[in-house]
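All values below come from the heavy atoms of this structure, side chains included, with hydrogens, waters and symmetry mates left out. Every chain is numbered from 1 and lettered A, B, ... according to where its sequence line falls, protein lines coming before strand lines.
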Amino acid sequence: MNHVIAKLRLKKGSENSKFRKVLSNVTLYSLPSDLNNNVVYNPATNLDEGEWYSISEFSQKPFYLQLLEDYEDSVAYNQLEAAQTSNIDYLCTCQNGNEFYFQRISKTQLLEKKLITLGDQFTYNANSKNIVINDPADAIYVKSEDTLYFKKLSAITGIFKGIDELFKEATTTETEAFLAHDFIKLENNFCAASVKQANRKRIALAMEALNSFDNVQKSTVFNTVKEYCPQLVAEDDTFKIESENDLALLLYGIDQRFYTTPDGREKRIANSIIRIV
Amino acid sequence: MEIIIRWVIQWSYKLLLTFNATSLILVVYFIKGRYYFNCLDKFPIWVSYIACIMCPVVTTAMSLFLKKFLSYDSIEKQPLDIEQANNSFLPSYLGYFFVALSVPTPETLWFIYFILFVFTFCSQAIYFNPIFLIFGYQFYYMTTADNVKIFLISKKQIKTTKALVFPTLKRINNFTFIDVEKGG
């Protein structure tokens, strides 16, 4: 039998005591048929339509949920009370004893609206509380494969605490530190505050790459950037950064995303990469 | 509004269950005091007694019918332990009967019944109702696979936990579940 378990946002109590049973004997989700099209999660990889990120051996990861380990029977969980509905953090739906579907419940998904229900009878409801179910779910854990599938990491960071370690976004201090490197020359009042999310994500990747380079690698990488983006080179042989776009090019360069097609005709940037093992 | 209606339904259901579990004390008292129904005064007094006994049976049947509105649950992993609990309520029931038999006046009875009603309502023993036995139900204490102790009402005669699963249960409260599996 399928069960829907809710995790509540409560200040008091152990993690385990925050789960409530919402519903049973319903089928909210269906297992997507395209789960086979998955790529191992990597912040440098963008998904195509119909693709999923996957994390295998999920139970060995530090952000594995105790709920998935402990879940045996729904009778262990207390019934959700009506007054607690606005405290729901996320829903975990167990189907066929093997598939766990996770959905974050944000304030926007908890509809507290005046509703007219259309059906056999038209009914008006002045202050209904409804939860909008997203199919496919934000994350799907298949126990027999011990694999977590998801499309957007930011949607599930609230569910799996610590999973955001996989996705680093540079903090303001880190961004400032990066922009202060002596190979960068800021112009046009460009500063750390002007760096938006996409570039912060790339800065985190670039910092990691830079730290792993030796001097030879560094000069090779910088020379490639100069070759592909001559407009970035300043008179004193540093990179002048005037805009987000300039910064993005430099960061792509550091992450070695520039390439030329094998026939030598076209220069390209890989905005998403998958490592060939 | 819907929340209030649901709340009222839940509370009335709990009140009905509490009444079922405690009403035998009233029945015993009425029989002891040779009370009879006015409408049945043409019949011998034992007809009134039977009618009196039938009242909690009928309300219990009603509560069993209403169980279909409760929420579903299931136990799909083999439980760690199961123990029959049919006899464990006998002492408390004998207690009820002795109280009913020794109460001197109706006022005392109503007060004692009120206290008993409140305690039964607040405790998790709401469904500890021997009339269920007449309907073929058995009581069990069960420890589930993840070590949660629950109270289970089922028609099954259970002696072992081997291959024991309950695919369709109904939740009476967070500790009490009733098995509604057909043919069980």
Side-chain angles (χ1 to χ4, degrees), chain A residues 1-6 8 14-28 66-87 93-100 110-117 123-131 143, chain B residues 1-11 13-14 17 67-82 124 126-127 140-154 161 163-182 184:
Chain A
M1 187 178 284
N2 303 336
H3 301 288
V4 185
I5 311 279
L8 297 180
S14 64
E15 275 303 293
N16 234 354
S17 66
K18 293 179 186 171
F19 293 103
R20 297 285 184 281
K21 201 206 77 167
V22 184
L23 269 179
S24 295
N25 214 11
V26 288
T27 307
L28 298 185
Q66 195 59 32
L67 171 74
L68 296 173
E69 179 69 40
D70 292 345
Y71 181 87
E72 300 279 0
D73 292 308
S74 64
V75 296
Y77 304 97
N78 288 351
Q79 182 72 44
L80 181 81
E81 284 162 32
Q84 294 170 321
T85 44
S86 51
N87 279 340
T93 306
C94 173
Q95 291 184 187
N96 310 323
N98 183 38
E99 303 144 17
F100 294 82
L110 194 71
L111 288 179
E112 285 185 53
K113 286 187 178 154
K114 294 178 178 175
L115 273 186
I116 295 180
T117 308
T123 51
Y124 171 67
N125 210 332
N127 58 348
S128 70
K129 282 191 181 178
N130 292 284
I131 289 174
K143 201 163 197 174
Chain B
M1 193 61 193
E2 200 184 333
I3 290 174
I4 298 171
I5 294 171
R6 206 180 298 164
W7 188 81
V8 169
I9 292 173
Q10 278 175 3
W11 270 69
Y13 192 60
K14 279 177 91 173
L17 300 183
K67 75 177 187 293
K68 72 174 184 187
F69 297 107
L70 298 170
S71 86
Y72 278 102
D73 265 290
S74 65
I75 296 177
E76 281 150 36
K77 300 270 167 67
Q78 185 180 322
L80 294 180
D81 188 32
I82 192 158
Q124 296 292 344
I126 294 171
Y127 247 83
Y140 297 97
Y141 283 118
M142 187 159 89
T143 313
T144 64
D146 38 357
N147 228 338
V148 175
K149 203 158 187 184
I150 62 160
F151 188 68
L152 182 80
I153 302 166
S154 170
T161 59
L164 183 66
V165 286
F166 299 93
T168 23
L169 297 177
K170 289 278 190 173
R171 180 178 293 230
I172 294 164
N173 61 36
N174 289 329
F175 295 90
T176 318
F177 298 84
I178 186 160
D179 182 11
V180 292
E181 198 188 351
K182 290 280 178 294

**Request:** For B:E76 and A:D73, work out which heavy atoms get closest and say how close.
**Result:** N-OD1, 2.7 Å
**Prompt:** To the nearest 0.5 Å, how far apart are CE in A:M1 and CZ in B:F166?
**Reply:** 13.0 Å
**Test item: A:D70 and B:D146 side chains (from C-beta on) under 4.5 Å apart, heavy atoms** = no
**Asked** Can B:S71 and A:K21 be said to form a side chain to side chain contact (heavy atoms under 4.5 Å, CB included), step by step?
**Response** CA-CA 10 Å; B:S71 86; A:K21 201 206 77 167; 3.0 Å; yes
**Minimum heavy-atom distance between A:Y77 and B:N174, given as atom pair plus value** = O-OD1, 4.5 Å
**Asked** At what distance, to the nearest 0.5 angstrom, does CG of A:N25 lie from CG of B:L169?
**Response** 11.0 Å
**Request:** Quick one: which of B:V148, B:I75, B:D73, B:I150 has the most heavy-atom pairs under 4.5 Å with chain A, could you say?
**Result:** B:D73
